[in-house]
Amino acid sequence: MIEKAFYGSKKYWIWILFLLAFLGLCFHFYLMQLNQGLTITGMSRNVSWGLYIAQFTYLVGVAASAVMLVIPYYLHHYKAFSRMIILGEFMAIAAVTMCMLFIFVDLGQPMRVMNVILHPQLHSVMFWDMTVLSGYLVLNLLIGWTTLESERKNVAPPSWVKPLIYLSVVWAISIHTVTAFLYAGLPGRPYWLSAIMAARFLAGAFCAGPAILLLLVFLVQKFVKYRVGEESIQTLSKIVTYAMSANVFFLLLEIFTAFYSRIPEDMNAFRYLFVGLDGHTTLVPYMWVSAGLAIVSLAILIPPQLRNNTKLLTVALIALVISTWIDKGFSLIAAGFVPNPFDRVTEYLPTFPEIMIVLGVYTIGILILTILWKVAISVKEKTTA
Amino acid sequence: MDIDKRKFLKVIGITSALWVGSRFTGGLSSVFGIGDTLDKKALADAGFEISKTLPDPKALIGKQWAVAIDLRQFKTPDDYKKCINVCDKIHNIPDIHTKQDVKWIWEEPYDNAFPEQHNNYMEGQLKDKSVILMCNQCEFPPCVRVCPTGATFKRHDGIVMMDYHRCIGCRYCMAGCPYGSRSFNFRDPRPFIKKIDPDYPTRTKGVVEKCDFCAERLDKGLMPACVEASKGAMVFGDIKDPNSDVRRILSNNFSIRRKPELGTQPNVFYII
Ligand code: SF4
Ligand code: SF4
């Protein structure tokens with residue numbers, strides 16, 4: 001089946017070559033980091049995690065969100081998703097791969113990464129996160145590939161896939177829950193120390209993931225004849241709407257608890273993000289953009305007349321992705337370190353090389369996604385033609 | 001080598017079983033405090049000599065080391081400097097003046113060292129007073145709990161140690177430590193060391209480090225360098241020994257600790 005990836009139009013090959021060339025450029029910056037150390041990033045003694053770990057967090061959500069297609073399709077036999085599901089599963093594979101790469105580029109001693117397996121520490125959430133992420137990758141590869149292969153041969157998928165699919169539902173929830181536990185279990189970081197963290201992560205994931213999927217589908221449909229079907233788009237955008245509402249609701253719960261109790265510790269990070277703390281306001285404009293875009297997206301998504309208009313829906317989804325990305329893919333990590341244990345604010349902004357390394361990892365993800373979707377769409381076009 | 005076959009197989013069996021076992025109990029032991037003496041006993045039963053190296057007979061032995069810092073005795077800037085400088089010198093701490101600095105022991109104003117004690121109407125003298133800060137060698141250290149490789153671990157004498165050769169530089173421990181006690185080598189530290197002391201290892205880029213209560217000195221029967229330099233303003237000892245100096249000074253003076261509400265049981269006490 002993989003041979004489908006090797007036959008493509010001229011455009012396909014130009015795209016692949018472009019990605020490879022850009023990757024080469026980004027790799028140059030990773031070599032620079034290997035050589036000089038993480039000093040080339042904007043991270044510091046006080047803000048010791050930055051954009052890399054934030055991307056990891058965001059993409060775990062994107063990976064987990066495949067479950068928003070798996071549950072309706074496999075558990076409720078919702079057939080409208082039949083032309084979409086494989087795209088969601090393959091997107092999860094690309095996302096998990098990027099997650100692992102983001103952890104890898106964040107390491108100070110990447111050559112020693114195997115120490116996590118050679119000396120497993122069962123009390124470390126990071127060990128469990130690595131375990132569930134690799135498990136999820138294998139599950140999705142197995143399920144996606146096997147079901148697609150069966151479809152190509154026009155036979156029913158083998159019976160052993162079913163239990164794996166059920167397992168993958170629980171597993172998807174687990175990857176984002178465990179990722180939330182990475183942060184929510186730390187004693188000295190009040191912004192993260194919240195029982196609602198995992199729920200907030202999942203809500204954010206279940207709107208952002210399908211939103212990205214829809215946007216990618218819209219984009220790809222410009223180049224191929226394959227159509228996922230109007231009904232599946234409408235259903236998925238409904239799912240996005242509910243999840244985004246829950247996401248905003250959970251954030252408001254956090255804000256209420258912090259500001260009604262008026263406990264300075266709990267208010268500090270929010271203050272830092274939305275009005276600035278001790279005169280430090282670097283992240284403030286980003287946060288208001290995020291809040292504004294969240295409102296825009298909900299205003300379009302909630303009324304069905306607006307949501308069902310593809311142009312407006314696209315605007316809403318883009319707004320939603322940017323909004324959730326600023327919140328989870330950027331400020332969540334930096335603000336967790338503010339103020340530091342000495343009640344001081346250290347600001348964080350990524351450096352240019354750091355951004356290039358991030359783009360490099362995304363390029364690898366897009367490359368994987370392009371190849372997997374190429375295979376999937378070629379197979380699907382044949383069988384449903 | 002004259003290991004006979006039976007013995008050899010026995011050892012292979014024991015060690016592999018123990019390896020698997022210790023992976024699991026190792027996780028639990030840090031929670032329940034069970035040591036790894038089992039491995040050694042089993043190997044000894046199989047007729048193997050365990051270790052030929054003996055600790056220095058002068059080594060200081062304790063269950064949980066602790067220090068009481070008598071802030072009343074820190075008066076001039078020099079009182080602080082002498083404790084800090086000696087540590088920087090003997091531990092090859094790089095002198096980096098950016099946000100990516102490395103420090104084991106340093107000073108902060110009282111208000112920053114104890115932010116939760118903030119008081120608008122505090123006695124002026126205390127408010128402006130500098131406080132010596134260092135790793136608290138917590139009894140229940142979050143840094144050890146979160147470390148995915150065991151590069152940060154707790155010794156039997158309570159010291160929270162770093163294995164610079166195992167650390168992968170993930171910095172989870174820095175997020176986990178609620179006291180900001182840890183530093184990361186964002187770059188190769190060696191060019192920033194004024195004069196390298198060959199008696200102590202320099203670190204490489206990409207690993208985390210922190211104060212280790214001068215474990216290397218305790219093993220030779222010496223007090224931590226800062227304690228020695230403080231000329232009595234810092235008192236060191238085994239907190240689990242009711243007759244130790246540190247217990248004596250704590251039972252006679254009012255002391256506070258940083259963020260005791262987090263349950264880490266810090267072992268650095270401040271007499272104010
Ligand atoms: S003070 Fe921080 S680094 Fe030191 S033992 Fe406690 S948690 Fe670990
Ligand atoms: S940076 Fe090193 S010591 Fe710290 S948690 Fe990671 S592996 Fe452990």
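Numbers restart at 1 for each chain; the letters A, B, ... are given by sequence-line order, proteins then strands.
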So how far is it from [X] [atom1] to [Y] [atom2], rounded to the nearest 0.5 Å?
| X | Y | atom1 | atom2 | value |
| --- | --- | --- | --- | --- |
| B:Asp163 | A:Asn115 | CG | CG | 8.5 Å |
| B:Leu133 | A:Phe342 | CG | CZ | 5.5 Å |
| A:Asn46 | B:Gln100 | CG | CD | 11.5 Å |
| B:Phe186 | A:Ser44 | CZ | OG | 6.0 Å |

So, the side chain of A:Arg45 versus the backbone of B:Phe184: is there a donor-acceptor pair under 3.5 Å, distance only?
no

Is a side-chain donor or acceptor of A:His119 paired with a backbone partner of B:Gly150 at a separation under 3.5 angstrom?
no

Give, as side chain, backbone, both or neither, the part of [X] having an atom under 4.5 angstrom from any heavy atom of chain B.
| X | result |
| --- | --- |
| A:Phe104 | neither |
| A:Ile263 | neither |
| A:Leu186 | side chain |

Is atom CZ of A:Phe270 surrounded by more than 12 heavy atoms (other residues, nucleotides or ligands) closer than 6.0 Å?
yes

Against B:Ile168, only a single residue in A:Ile103, A:Val113, A:Leu107 fulfils side-chain contact (heavy atoms from CB on, under 4.5 Å); can you say which?
A:Leu107

Please list, in residue-number order, every residue in residues 344-358 of chain A that has a heavy atom less than 4.5 Å from any heavy atom of chain B; write 'none' if there are none.
A:Arg344, A:Thr346, A:Glu347

For [X], is it the side chain, the backbone, both or neither that has a heavy atom under 4.5 Å from a heavy atom of chain A?
| X | result |
| --- | --- |
| B:Lys205 | both |
| B:Tyr164 | backbone |
| B:Ser181 | backbone |
| B:Arg182 | backbone |

For chain A, which residues of residues 170-177 of chain B have heavy atoms nearer than 4.5 angstrom
B:Cys170, B:Arg171, B:Tyr172, B:Met174, B:Ala175, B:Gly176, B:Cys177

Those residues of residues 110-119 of chain B that come under 4.5 Å of chain A on a heavy-atom basis, listed by number, are B:Asn112, B:Pro115

Taking [options] one by one, which has the highest count of heavy-atom pairs under 4.5 Å against chain B?
| options | value |
| --- | --- |
| A:Asp129, A:Asn340, A:Leu182, A:Ile53 | A:Leu182 |
| A:Pro339, A:Gly108, A:Gly188 | A:Gly108 |
| A:Gln109, A:Met114, A:Met43, A:Met130 | A:Gln109 |

Residue set satisfying salt bridge (Lys or Arg N to Asp or Glu O under 4.0 Å) with A:Asp343, at least two apart, ordered chain then number -> none

Counting heavy-atom pairs under 4.5 Å with chain A, which one of B:Gly169, B:Pro148, B:Pro178, B:Ser183 comes out on top?
B:Pro148

